[in-house]
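Read the numbers this way: they start at 1 and go in the same order the structure lists the ligands and their atoms.
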Amino acid sequence: MTAATLPDRITGLLIDGAWSEPQSGQWLDIIAPAEGKPYGRIAGAQKTDVDAAVASARRALSGEWGQLNAAERGRLLSRAGLIVQERAEELAQLEARDTGKPIAQARADLAACARYFEYYGGAADKVHGDTIPVQNGYFAATEHIPHGVTAHVIPWNYPAQMFPRSVGPALAMGNAVVMKPAEDACATPLALADIMLEVGFPPGAINMVTGLGMEAGAALSEHPDINFISFIGSSETGVAIQTAAAKSHIGCTLELGGKSAQIVFADADPALVVPTVVAAITQHAGQTCSAGSRLLIERSAMDTLLPQIIQAFCEVRVVMPHMEGQLGPVVSARQKARVERYIQLADDTGLPLLASGQMAPELSAEGYFVQPRMYGPVPRDHRLAFEEVFGPVLAVIPFDDEADAVALANATEYGLVAGIWTRDSARAMRVGRQMEVGQVFVNCFGAGGGIELPFGGMKKSGHGREKGWEALREFAAVRTLLVRHD
Ligand code: NAP
Ligand code: MG
């Protein structure tokens, strides 16, 4: 078992360019999900600590950070990306221990992390405004200016990716940021923030307040001196965030998960579809916002493709983080109980269990492991057909024809991503363009980190776009300049 732990110099909160103990005097254990026990502690920030962090960010905007030009900001981000690449293995070990995911997946997360820094570092000095033809005697132009202090609340599933995905575009545009990472997994965000100090981000450009969502998270999102909120997490907390934003008359982006459909037509290529459908629900134990948690399969493929998917699902192995396998534990005892409630519901309501994964004999008895399950056919009005489980549970639902597939795919409150599997490219286009989601994949699913690809939801999956160029626009406001010169 890996013994990765937080560096000693990270002694609590990051405020004014230095690590400090919380004024609250409160501390929380950090728990390794595969071990089910604490391996360190983080500060439990309260309102006074959050006030200090927001004040630090505000000072940064009128200090050294606010004076840097776009190229200098970009250079700092790019430098952080290079250090992440150099220390990728050490950071991946920490990520694997803190989140419980197999080390191979943590390594992929760190590669994506470095790429976010690289992408937004390179983008910082390339966000141009427009000139606009207006009536004679006037000159009109736009520029993209930072909001000011941006607040960032991220979840525990992909902390190493979420950190640069959220703060990267904000810093590129010149905002000063305050982040509250998730209490359940925040080790790599803290280590990454420390790397940003090391590469020379001026004091206050980036501030970190760990703590409980109800305390530190609420104090941050309700703070009267923030100018924008970026949130990734549950739809329920998304409502609290958007309410706080409304009360302060500021904007927010919300990325809130989903119940994403894999639409498999009978002519799909088994070599592509079988491993991908299984990976899309078992990766990080199904705790992925864009998990492919609904397998919509053409009825005529129930005897051809479905048995192959079942067989592949039965080969999935739950492992300890240092081992080779498809998934580790879920993140916490609370998350395990939540997933097990859905499994209990499936069993109590007599849903046929089509497949279950294997549990490696080396699993620690204290870890939060859940056996992956695949149920079907799931009736369309069953809760498993439309509620987000956020665990390794796949719901199989047959469909009759193209129109039925489209209606079924869109028949949830969520709208994050969809996958379409067919050799008929015209059909893929027709179906894809009717999906009420933010990303559509054809004969593939997910995009690694998908750093360059705008990502976000519709409906209960949220609004606003992260990743790619679009994220830079979210973290800036357009100012229009009109000059009369006749
Ligand atoms: P959550 O409560 O939405 O947590 C996400 C983040 O928001 C965490 O940093 C959390 O802090 C913080 N938070 C919680 N309450 C807050 C509040 N009132 N004000 C400001 N910040 C607040 O999600 P969860 O309880 O960890 O997970 C529950 C479910 O959410 C999952 O089962 C899944 O369905 C969904 N989820 C979705 C995603 C996604 O990627 N879209 C990620 C995670 C979870 P603390 O956790 O430190 O208290
Ligand atoms: Mg943890």
> Which residue supplies the protein heavy atom nearest to atom 15 (N) of ligand 1, what is that atom called, and how far is it?
T237 CG2, 3.5 Å

> Would you tell me whether E340 and Q344 have side-chain atoms, one donor and one acceptor, within less than 3.5 Å of each other?
no

> Yes or no: does Q335 have any heavy atom under 4.0 Å from an atom of ligand 1?
yes

> As a quick check of understanding, evaluate side-chain hydrogen bond (donor to acceptor under 3.5 Å, both in side chains) for H463 and T253, giving each step before the final call.
CA-CA 6 Å; H463 54 74; T253 53; over 6 Å; no

> With respect to G213, determine whether any N or O atom, backbone or side chain, lies less than 3.5 Å from an N or O atom of ligand 1.
yes

> Hey, does D184 come in under 3.5 Å of ligand 1, counting only N/O atoms on both sides?
no

> Would you mind running through ligand 1 and noting each atom that sits below 4.0 Å from a heavy atom of A182?
8 (C), 9 (O), 47 (O)

> So which bit of Y158 gets within less than 4.0 Å of ligand 1, heavy atoms only: side chain, backbone, both or neither?
neither

> Hey, which atoms in ligand 1 end up nearer than 4.0 Å to a heavy atom of G211?
47 (O)

> Do V440 and I420 touch side chain to side chain, with heavy atoms closer than 4.5 Å?
yes

> Provide, to 0.1 Å, the distance between atom 39 (C) of ligand 1 and the closest protein heavy atom, together with that atom's residue and name.
C289 CB, 3.5 Å

> Scan for side chain to side chain donor-acceptor pair (under 3.5 Å) pairs involving residues 439-456, sequence neighbours excluded, and state none if there are none.
R115-E452

> Just do the side chain to side chain contact (heavy atoms under 4.5 Å, CB included) check on L272 and W421 with the steps written out, would you?
CA-CA 9 Å; L272 291 179; W421 300 86; 3.8 Å; yes

> Please state whether the rings of W65 and F201 are parallel, tilted or perpendicular, taking 30° and 60° as the class boundaries.
tilted

> For atom 29 (C) of ligand 1, find the nearest protein heavy atom and state the residue, atom name and distance (0.1 Å precision).
S234 CB, 3.9 Å

> Taking 4.0 Å as the limit for heavy-atom contacts, which would you say applies to E236 with ligand 1: side chain only, backbone only, both, or neither?
neither

> Is it the case that K259 places NZ or CZ above or below the six-membered ring of Y414, under 6.0 angstrom from the centre and within 45 degrees of the axis?
no

> Below 4.0 angstrom from a heavy atom of M214, which ligand 1 atoms are there? Numbered from 1 as shown, please.
18 (N)

> Give me the atom names and distance for the closest heavy-atom approach of G325 to P102.
O-CG, 3.8 Å

> As a test of the contact definition, would atom 4 (O) of ligand 1 count as having a protein heavy-atom neighbour under 4.0 Å?
no

> Does the ring centre of W156 sit less than 6.0 Å away from the ring centre of F390?
yes

> May I ask you to decide if the ring planes of F475 and H152 are parallel, tilted or perpendicular, using 30° and 60° as cut-offs?
parallel

> Among all protein heavy atoms, pick out the one at the shortest distance from atom 34 (O) of ligand 1; state its residue, atom name and that distance to 0.1 Å.
E388 OE1, 2.8 Å

> Under a heavy-atom criterion of less than 4.0 Å, does I154 contact ligand 1?
yes

> Please could you name the atoms of ligand 1 that P155 approaches to less than 4.0 Å, counting only its heavy atoms?
42 (C), 43 (C)

> Suppose we measure from atom 41 (N) of ligand 1 to each protein heavy atom; which comes out shortest, and what is that distance?
G257 N, 3.1 Å

> Looking only at protein heavy atoms, identify the closest one to atom 26 (O) of ligand 1 and say how far it is in Å.
W156 NE1, 2.5 Å

> For the residue pair K467 and Y116, would you count it as a cation-pi contact if the rule is NZ or CZ under 6.0 angstrom from the ring centre and within 45 degrees of the ring axis?
no

> Ignoring hydrogens and geometry, is there a side-chain-to-backbone donor-acceptor pair from D49 to Q23 under 3.5 Å?
yes

> Check whether Q371 reaches the backbone of G357 with its side chain - one donor and one acceptor, N or O, closer than 3.5 Å.
yes

> Can you name the atoms of ligand 1, numbered from 1 with element, that are less than 4.0 Å from a heavy atom of E255?
41 (N)

> For ligand 1 and I241, I'd like to know whether there is a polar contact (N/O to N/O, distance under 3.5 Å).
no

> Measuring from non-hydrogen atoms of F231 to any atom of ligand 1, is the shortest distance under 4.0 Å?
yes

> Going by the order shown, which atoms of ligand 1 are within less than 4.0 Å of some heavy atom of K180?
9 (O), 11 (O), 45 (P), 47 (O)

> Looking only at protein heavy atoms, which one is nearest to atom 47 (O) of ligand 1, and how far off is it?
E183 N, 2.7 Å

> Which heavy atom of the protein is the closest neighbour of atom 33 (C) of ligand 1, given with residue, atom name and distance?
F390 CG, 3.3 Å

> Measuring from non-hydrogen atoms of R334 to any atom of ligand 1, is the shortest distance under 4.0 Å?
yes

> Let's go through R465 and E474 carefully: what are the C-alpha distance in whole Å and the side-chain angles of both, what is the deciding distance for salt bridge (charged side-chain N to carboxylate O under 4.0 Å, His left out) to 0.1 Å, and is it a yes or a no?
CA-CA 7 Å; R465 292 293 175 264; E474 299 280 6; over 6 Å; no

> Please list, in number order, the atoms of ligand 1 under 4.0 Å from a heavy atom of G217.
19 (N), 20 (C), 21 (N)

> Considering only heavy atoms of V153, which atoms of ligand 1 have at least one such atom less than 4.0 Å away?
6 (C), 7 (O), 9 (O), 12 (C), 21 (N)

> Any idea which part of L256 is under 4.0 Å from ligand 1, heavy-atom wise: side chain, backbone, both or neither?
backbone

> Are K101 and L327 packed together at the side-chain level, in the sense that at least one heavy-atom pair is separated by less than 4.5 angstrom?
no

> Name all pairs fulfilling the salt bridge (Lys or Arg N to Asp or Glu O under 4.0 Å) condition that reach into residues 38-47, sequence neighbours left out, sorted by first residue then second.
K47-D51

